[in-house]
Amino acid sequence: MKKEKYYISTAIAYTSGKPHIGNTYEIILADAIARFKRLQGYDVYFQTGTDEHGEKIELKAKEAGITPQEYVDNVAGVIKNIWDKMNTSYDRFVRTTDKKHEQEVQKIFKKMYDNGDIYKGEYKGLYCTPCESFWTESQLVDGKCPDCGREVKIASEEAYFFKLSKYQDRLVEYIESHPDFIQPESRKNEMLNNFIKPGLQDLCVSRTSFSWGIPVDFDPKHVVYVWLDALTNYITNIGYDVDNPSDEFKKYWPADLHLIGKDIIRFHTIYWPCFLWSLGVELPKQVFGHPWLLTNNDKIGKSRGNAIYADDLADLFGVDAVRYYVLHEIPFANDGNLTYDLMIERYNSDLANILGNLVNRTISMAKKYFDGIVPSIGIKEDIDNDLISTVTGALDKVAKSMDNLKVAEAIDEVFEIFRRSNKYIDETTPWTLAKENNKERLQTVIYNLLESIRVGAVLLHSYLPETSEKIFEQLNTNLTDLDSIKEFGALEVGKELNDPTPLFARIDKEKFLEELAQ
Ligand code: ME8
């Protein structure tokens, strides 16, 4: 049977500097969604990459005394290394300085010019250099850039404009008739009421004030506006071509999900749809503007000096602990917070206690009571049913949460299996059964625990892949797909378990924080 396709993308990160844990959260979130879709049998295409043009990068390179290309090569490498370190399973890492992308952007610009959607005019406005954005007076907050709070400057230049105004009614109609297009819903209302309905102005889509960009090929003193360049990455890299789109493009487009942060929803739900309409290309199915990760309840900023980096955290806590924290701590619609204190608490309570201890205790008991051989079911009791129904019911719950992009809830539902299993140990007290020599009952208890852990590990894989694989290794099982957990009881009786090795060693909080402060 032909697999259904699923195309998921992240934003492409600016190569202005090393990405912080907030930027990294996005790729981890996308990775969890992509992995879960693969587990469900989809033919997944997962794209990420870097956004490498613009005045800010030109300035940064100058400061560093290197060429912009050297600068972006460097930072793109740093970004890719962090994505890899965090064990993210993207299919393609794209860069806007790739020649193929650059050429296609030129063709796209020309096509829009030829069809009358781009015209030449004069631009005068308030410009925020770090954000590469022009603003109107009314959009400023306290006279400063509404996105980053920095000074704006008056800028005027001959420029090309895109006829955004032409698409206003169509956009309102589209967003209102496709209630799932923008997620979360509150963002949809914000876009409609604050940005689109008050009136769309034509958008300046070229610059002459700097040169680090893609030249407009028929008027090369202009470079293409960085957002027109950046947004098209979603189609150019799967083989979109204005004349002759590739089979890959026909297969994967429209994207099923653009995963981005809440600050750039405007670009993805106003500019991007209008650009696509101008090209006669279908719109992506959904844009999800995820909330932000704050540190100590403060916005993370590269220039604010409070940036925390994923690779540093991974060195301290391990990759899966970082993945767990960000996936679990940032709900669907509200910002999440990161502190070392909270991180250690979550690590100790959820990873070391609930999960690590459960696996360690269970496998140790199986070693002690059954020489490490998976026992068969002996005597059953009513109390088993509640455990089994929690475990077998988890898949539907997790799948539903994932369909609704409620990833924090999904991971919690997986942990519900581990919590319930710990409770089952308290309820059945296997050590008492051993003392009473009640072997047949003990067999059932240990089997049920091992099987519950296996089911939990299958579902855990999308979120904490490395931990999940360690559990499979300890259980010595290859039964890791969704079919194997549709019914309880697939774990093979008579197989020999491997030795238990601790998954997460407890952290001494006081000592850890003291060392960190040194
Ligand atoms: O915006 N928490 O790149 P970028 C969570 N190049 N997510 C955050 C965050 C935080 N504290 N801070 C930023 C860009 N992000 C453009 C995208 S796409 C065609 C072009 C998110 O490197 C941010 O919202 O500034 C964005 O989705 C991603 O990190 C990369 O941000």
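If you read the sequence from its start, that first residue is 1, and numbering goes on from there. Counting convention: from 1, in listed order, for ligands and their atoms alike. Treat the numbers as computed from the prediction; the structure is a model and nothing was measured.
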Handout entry: SB check Glu248 Lys251 (cutoff 4.0 Å)
Key = no
Problem - Donor-acceptor under 3.5 Å (Thr96 side chain, Ala230 main chain) - result: no
Completion exercise
Note: ligand 1 atoms sitting under 4.0 Å from heavy atoms of Ala230 are 19 (C)
Handout entry: N/O separation below 3.5 Å, Leu231 to ligand 1
Key = no
Problem - Atoms of ligand 1, numbered as shown, that sit under 4.0 Å from any heavy atom of Asp263 - result: 23 (C), 24 (O)
Problem - Per-atom contacts, ligand 1 versus Ile260 - under 4.0 Å to a heavy atom - result: 27 (O)
Completion exercise
For Asp51, the ligand 1 atoms with a heavy-atom partner under 4.0 Å come out as 6 (N), 16 (C), 20 (C)
Problem - Per atom 25 (O) of ligand 1, closest listed option by heavy atom (Trp272, Trp227, Tyr14, Trp292) - result: Tyr14
Problem - Candidate with minimal heavy-atom separation from atom 15 (N) of ligand 1, of Thr48, Val226, Asn23, Thr15 - result: Asn23
Practice task
For the pair Asp350 and Arg419, find out whether any cationic side-chain nitrogen is under 4.0 Å from an anionic carboxylate oxygen.
Solution key: no
Problem - Per-atom contacts, ligand 1 versus His290 - under 4.0 Å to a heavy atom - result: 5 (C), 7 (N)
Exercise for the section: Find all atoms of ligand 1 within a distance of less than 4.0 Å from any non-hydrogen atom belonging to Glu26, and give their numbers and elements. Expected result: 21 (C), 26 (C), 27 (O), 28 (C), 29 (O)
Handout entry: Inter- and intrachain pairs under salt bridge (Lys or Arg N to Asp or Glu O under 4.0 Å), touching residues 259-279, at least two apart
Key = Lys262-Asp335
Practice task
Taking Arg92 for its side chain and Gln47 for its backbone only, find out whether a donor-acceptor pair lies under 3.5 Å.
Solution key: no
Exercise for the section: May I ask you to check whether Leu293 has an N/O atom sitting below 3.5 Å from an N/O atom of ligand 1? Expected result: yes
Problem - Region of Tyr234 engaging ligand 1 - heavy atom pairs below 4.0 Å - result: side chain
Completion exercise
So ring-ring contact (aromatic ring centres under 6.0 Å, His included) across residues 181-209, not counting sequence neighbours, yields Tyr174-Phe181
Practice task
Could you tell me whether a side-chain N or O of Glu466 sits under 3.5 Å from a main-chain N or O of Val319, the two making a donor and an acceptor?
Solution key: no
Handout entry: Those atoms of ligand 1 less than 4.0 Å from some heavy atom in Ala11
Key = 17 (C), 18 (S), 26 (C), 27 (O)
Handout entry: Cationic tip of Lys406 above Phe332 ring, under 6.0 Å, 45° of axis
Key = yes
Handout entry: Atoms of ligand 1, numbered as shown, that sit under 4.0 Å from any heavy atom of Gly22
Key = 2 (N), 5 (C), 7 (N), 8 (C), 9 (C), 10 (C), 11 (N)
Problem - Lys509/Glu345 salt bridge by N-O under 4.0 Å criterion - result: yes
